[in-house]
Amino acid sequence: MPLKKAPKTLSYTVTATTYWPETGQTDDNPMETADGSIIPTRHSSKTRWLAVSRDLLDKWGGPFNYGDKVRVSGISDALDGVYIIHDTMNRRHRHCVDVLVNERECKNGLEGRWPSIKLSKLPAIEPTWQAG
């Protein structure tokens, strides 16, 4: 029997920035994301939520959907890792991601702009049947 190939991973080079939920950086309801999720009150970079530019979302012809898990690499040891897409950036941004952090983290060195970050779509894990 032939071996199955591993699922192909989509990878993109994007620019990454950080944001925290305040009306100056979001809309007038900063704690609610575009997919309807509510940002936890005690969120931090460890929450691992991501906003992506519209051109990266399926709704506008891109490869990603809300709820997709993606790997971000090339920012820093503190911010690289697996994130879940929950939000959309302002329409003026293209090929960008915004990492959710809290304001204190930004003031302590996590604020920035990083070009040439690798964004990779992780394969969806198929549920396996289990006897009930």
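Values in this document were obtained by computation on a predicted structure and should not be read as measured data.
Every residue two or more places apart in sequence or in another chain that forms a side chain to side chain contact (heavy atoms under 4.5 Å, CB included) with Thr17 is listed here: Met89, Asp98, Arg113. Applying the side chain to side chain donor-acceptor pair (under 3.5 Å) rule to Thr47 yields no partners; only residues at least two apart in sequence or on another chain are considered. Asp80 meets the side chain to side chain donor-acceptor pair (under 3.5 Å) test with no other residue; sequence neighbours excluded. Annotation: side chain to side chain donor-acceptor pair (under 3.5 Å) contacts of Asn102 (sequence neighbours excluded): none.
Judged by distance alone, with hydrogens and angles left aside, the side-chain atoms of Lys121 form no donor-acceptor pair with the main-chain N or O of Lys69 at under 3.5 Å.
Here Thr13 contributes atom OG1 and His95 contributes atom NE2; the two are 7.0 Å apart, rounded to the nearest 0.5 Å. Distance CD1/Ile39 to CE/Met31: 5.5 Å, rounded to 0.5 Å. Atom-to-atom distance recorded for Asp68:CG and Asp58:CG is 9.0 Å, nearest 0.5 angstrom. A distance of 9.5 Å separates CZ in Arg71 from NZ in Lys118, rounded to the nearest 0.5 Å. Separation of atoms CG (Leu50) and CG (Leu119) is listed at 7.0 Å; rounding is to 0.5 Å. The distance from the CG atom of Asn90 to the SG atom of Cys96 is 10.5 Å, given to the nearest 0.5 Å.
Pro21 has its side chain within reach of Leu100: a pair of non-hydrogen atoms, C-beta onward, lies under 4.5 Å apart. No side-chain heavy atom of Asn65 sits less than 4.5 Å from a side-chain heavy atom of Ile85. With a 4.5 Å cut-off on side-chain heavy atoms, Leu79 and Val72 do not count as touching. In this structure, Lys46 and Ser44 have side chains that are in contact, with non-hydrogen atoms separated by less than 4.5 Å. Looking at heavy atoms from C-beta onward, Asp87 lies out of side-chain contact with Asp35 at the 4.5 angstrom threshold.
With 3.5 Å as the limit, one finds a donor-acceptor pair spanning the side chains of Ser45 and Glu105. Counted by atom type alone, Ser11 and Ser120 present one or more donor-acceptor pairs between their side chains at under 3.5 Å.
Residues Val97 and Val52 share a closest heavy-atom pair of CG1-CG1, 3.9 Å. For the pair Ile117 and Ala16, the tightest heavy-atom approach, listed with the atom from each and the gap, is CG1-CB, 3.8 Å. Contact record, Val101 with His43: O-NE2, 3.1 Å, taken as the closest heavy-atom pair.
Counting only residues at least two apart or on different chains, the ring pair (Phe, Tyr, Trp, His ring centres under 6.0 Å) pairs with a member in residues 44-79 are Tyr12-Phe64, Trp49-His86. Sorted by first and then second residue, the ring pair (Phe, Tyr, Trp, His ring centres under 6.0 Å) pairs with a member in residues 104-124 form an empty list; sequence neighbours excluded.
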Take Ile75 and Val99, measure what side chain to side chain contact (heavy atoms under 4.5 Å, CB included) needs, and give me the verdict at the end.
CA-CA 10 Å; Ile75 300 176; Val99 176; 4.1 Å; yes
Report the C-alpha distance between Glu111 and Trp20 in whole Å, list the side-chain angles of each, state the deciding distance to 0.1 Å, and finish with yes or no for side chain to side chain contact (heavy atoms under 4.5 Å, CB included).
CA-CA 10 Å; Glu111 186 172 31; Trp20 63 91; 4.1 Å; yes
